[in-house]
Amino acid sequence: MSLNGKPAPVIDGLTADQRFFLSFAQAWRGEQRDDAIKTQVASDPHSPRRYRIIGPLRNLDAWYAAFDIKPGSKFYIPPEQRVRIW
């Protein structure tokens with residue numbers, strides 16, 4: 001609504017979708033020592049930070065389109081193997 005039907009601008013060479021996915025990843029970024037990760041995995045039901053980023057995004061078609069992810073990429077999952085909730 002804020003764009004009044006106009007396309008979102010490209011800012012600093014990034015599309016609106018790219019900026020969205022980068023901001024999502026930045027919200028989860030951070031450093032964890034190996035010992036802290038081991039403790040978290042053993043005692044916390046939540047996954048470590050790095051998996052909260054790439055895990056969900058690898059299943060979103062929009063992420064592939066935003067960054068032009070192709071077969072052969074390290075993070076590529078074929079469409080028929082992507083998790084679909086809705």
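This chain uses plain numbering: 1 for the first residue, then up along the sequence. Only this structure's heavy atoms are used, side chains among them; waters, hydrogens and symmetry mates stay out.
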According to side-chain hydrogen bond (donor to acceptor under 3.5 Å, both in side chains), does anything in residues 54-79 pair up with another residue at least two apart or in another chain? List the pairs. D61-R82, D61-R84, D68-K70

Verify the cluster assignment for Y51 and L60: are they in a single hydrophobic cluster under the rule of side-chain heavy atoms below 4.5 Å apart? no

Between D12 (side chain) and L14 (backbone), is there a donor-acceptor pair under 3.5 Å?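 The answer is no, because no donor-acceptor pair under 3.5 Å joins these two groups.
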
Has the side chain of Q18 got a donor or acceptor atom that lies under 3.5 Å from a matching backbone atom of T15? yes

Could you state the interatomic distance from OG1 (T39) to CG (D34), rounded to the nearest 0.5 Å? 10.5 Å

With rounding to the nearest 0.5 Å, note down the distance linking CZ in F75 to CD1 in I69. 9.0 Å

Please tabulate, for side-chain N and O atoms in residues 21-33, each donor-acceptor pair with protein atoms closer than 3.5 Å (sequence neighbours left out).
residue	atom	partner	partner atom	Å
S23	OG	R19	O	3.3
S23	OG	F20	O	2.7
Q32	NE2	Q40	OE1	2.9

Test of understanding: with side chain to side chain contact (heavy atoms under 4.5 Å, CB included), list the residues that count as partners of P7, not counting sequence neighbours.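 P7 satisfies side chain to side chain contact (heavy atoms under 4.5 Å, CB included) with no other residue.
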
